[in-house]
Amino acid sequence: MDSERDAKRAFYTAADGPAPQPGRRRAIAAALGTAAAAALAGVGGRVRAQPAPEAYPSRPIRLIMPFSAGGGPDVVTRFVAKGMAERLGRNVIVEQKVGATGLVGMQELVKAPPDGYTIAYVNIAIPVAAELLGKGAFDLGRDVTPIGGTSRSINVLVTAPELSVRSVAELVAMIKAKPGGYSYASGGNGTPAHLNGEIFKKLQGLDVVHVPYKGLAGAINDIARNDVQYMFGTSGSMVPAIQGGRVRALAIAGPRRLPALPDVPTMAEAGFPNSDVQSWAGLVAPAGTPAPVIARLSQALQEVLGDAGTPAFLQTNGSDPFPTTPADFGQLLVSETARWQKFVRETGLKAD
């Protein structure tokens, strides 16, 4: 009892103001009683073990897809999500949150608790859109915890099938013959298609109109009808459209030909070097997500990408596996954000 009396005296001495009222005294006594019980347990040499934290994951995980359903990013991400679910023992549910070239989905991510039960797909379009549209409201180096890379893809220059052009040179000649008379499509402001279109436009001195869509599906539909004449689309989305005859491939905007399109030359082979934009993609969680949770998610992701059947599936969709550690992917996010901020500011790129 002396120790309890001393504790009460010390509490009241430290308190600023009059002694507590009766109701508060009861609350203080209860708190002191709990503390005393814990101290007595320690004196006996045996401290009761605290319950272990809940095993992760214990419920389904939501994976935010900030781009349209059915496109290359969506197809690859659903494949990865299925494989991760098998390894985690919980469903990984892909949820579309489309708008503002991915920024709507990113805002949804940053509002989520950092507990590993909400993650998101990101790609090269996100840092560009953040500079073009967000004006610093979202930053991949600040607002997320990296999990790892998933895939890399390159762009393919495609045209409307009814156009007479059969090469990049013929496309450039057609556009220059009628300044302002043609347009190119993209899946939205800041997407790889937009970046590649602007680089090509500037290098070749073209007077052509940019038409942004809410995803590549709509862009492909309008190119198939010749409402828009050409586009640099990510290989994951373009390969199925090319193989289905909806668009015609002119060149690969990358360092090598694609296994899925072995007869299509690279831009450099076609005589137009330095026109490439390679796209990366991966998964992230909200900033502050605990390291053990990230490690578990990263392990599942790496196992999916290392599976024997994964490269063939991704290459069929125009992509390659892009396995990275969380730390390496985090460095990429920081460097790519700086790279594209500089590009947008130096070129004066605008949202159309």
Side-chain angles (χ1 to χ4, degrees), residues 72 124-125 128 152-213 216 218-279 315 318-320 343 346-350 352:
I124 188 177
V128 181
R152 283 186 294 196
S153 61
I154 53 183
N155 284 340
V156 183
L157 173 58
V158 301
T159 63
E162 69 180 67
L163 289 180
S164 60
V165 298
R166 294 293 188 277
S167 69
V168 183
E170 290 179 357
L171 175 66
V172 170
M174 182 190 79
I175 295 169
K176 287 187 173 182
K178 189 178 179 182
Y182 298 104
S183 57
Y184 80 90
S186 80
N189 289 298
T191 59
H194 182 201
L195 297 176
N196 223 149
E198 286 299 303
I199 290 171
F200 184 61
K201 172 182 173 180
K202 291 181 183 300
L203 285 176
Q204 305 309 320
L206 304 178
D207 181 0
V208 65
V209 178
H210 171 223
V211 182
Y213 289 77
L216 288 175
I220 291 170
N221 288 339
D222 279 6
I223 286 182
R225 293 194 295 262
N226 198 27
D227 292 338
V228 184
Q229 282 67 55
Y230 72 96
M231 173 173 64
F232 287 87
T234 53
S235 51
S237 295
M238 293 301 103
V239 168
I242 294 164
Q243 293 174 337
R246 303 183 65 203
V247 297
R248 177 186 297 127
L250 296 185
I252 307 300
R256 66 190 186 285
R257 296 191 181 197
L258 288 176
L261 303 170
D263 298 328
V264 179
T266 65
M267 290 289 289
E269 289 174 333
F272 296 85
N274 305 315
S275 300
D276 304 346
V277 174
Q278 296 190 57
S279 181
Q315 288 167 6
S319 303
D320 289 311
F343 176 84
E346 289 184 348
T347 60
L349 189 67
K350 303 293 182 184
D352 295 307

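The structure presented is a predicted model; accordingly, all values stated were derived computationally and were not measured.
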- Note on the structure: CZ of Phe200 to CG of Leu157, rounded to nearest 0.5 Å, is 6.0 Å

- Query: Checking Ser235 side chain against Ile154 main chain: does a donor-acceptor pair fall under 3.5 Å?
  - Reply: yes

- Task: Start with the C-alpha distance between Thr159 and Gln229, add both sets of side-chain angles, then the distance that settles side chain to side chain contact (heavy atoms under 4.5 Å, CB included), and finish with yes or no.
- Result: CA-CA 6 Å; Thr159 63; Gln229 282 67 55; over 6 Å; no

- Item | Smallest separation among heavy atoms of Thr234 and Ser153, with atom names | CB-OG, 4.1 Å

- Note on the structure: Here the salt bridge (charged side-chain N to carboxylate O under 4.0 Å, His left out) pairs for residues 249-267, sequence neighbours left out, are Arg256-Asp320, Arg257-Glu269

Show me, pair by pair, the donor-acceptor contacts under 3.5 angstrom made by side chains of residues 167-174, not counting sequence neighbours?
| residue | atom | partner | partner atom | Å |
| --- | --- | --- | --- | --- |
| Ser167 | OG | Glu170 | N | 3.2 |
| Glu170 | OE1 | Arg166 | N | 2.6 |

- Message: Checking Leu349 now: which residues fulfil side chain to side chain contact (heavy atoms under 4.5 Å, CB included) with it, not counting sequence neighbours?
- Response: Leu132, His194, Leu195, Glu198, Phe343, Val344, Thr347

- Message: Checking Tyr184 now: which residues fulfil ring pair (Phe, Tyr, Trp, His ring centres under 6.0 Å) with it, not counting sequence neighbours?
- Response: His210, Tyr230

- Task: Grab the two heavy atoms, one from Arg248 and one from Ala160, that are nearest each other, plus how far apart they are.
- Result: NH1-O, 3.7 Å

- Item | Trace of the side chain to side chain contact (heavy atoms under 4.5 Å, CB included) decision for Asn274 with Met267 | CA-CA 8 Å; Asn274 305 315; Met267 290 289 289; over 6 Å; no

- Task: Compare every heavy atom of Val264 with every heavy atom of Ala249, then report the nearest pair and how far apart it is.
- Result: CB-CG2, 3.9 Å

- Item | Whether Thr191 side chain and Gly188 backbone form a donor-acceptor pair below 3.5 Å | yes

- Task: Look at the side chain of Asn189 and the backbone N and O of Pro212, then say whether any donor-acceptor pair between them is shorter than 3.5 Å.
- Result: no

- Message: Taking Asp276's backbone N and O only, do any of them form a donor-acceptor pair with Asn155's side chain (distance below 3.5 Å, no angle check)?
- Response: no

- Task: Quick one: closest heavy-atom pair of Arg246 and Pro161, and the distance?
- Result: O-CG, 3.2 Å

- Atom pair CD1/CE of Ile223 and Met238 - distance to nearest 0.5 Å: 7.0 Å

- Message: With rounding to the nearest 0.5 angstrom, report the CD1 to OG distance, Ile220 to Ser237.
- Response: 5.5 Å

- Which residues pass the side chain to side chain contact (heavy atoms under 4.5 Å, CB included) test with Ala219, sequence neighbours left out? Ala185, Tyr213, Met231

- Just grab all the salt bridge (charged side-chain N to carboxylate O under 4.0 Å, His left out) pairs involving residues 222-233, residues at least two apart or on different chains. Asp222-Arg225, Arg225-Asp227

- What closest approach, in Å, do Ala193 and Leu216 show between heavy atoms, and which atom pair accounts for it? CB-CD2, 4.5 Å

- Message: For a quick test of reading the model, state the closest non-hydrogen atom pair linking Ser275 to Ile199 and the distance between them.
- Response: CA-CG2, 4.3 Å

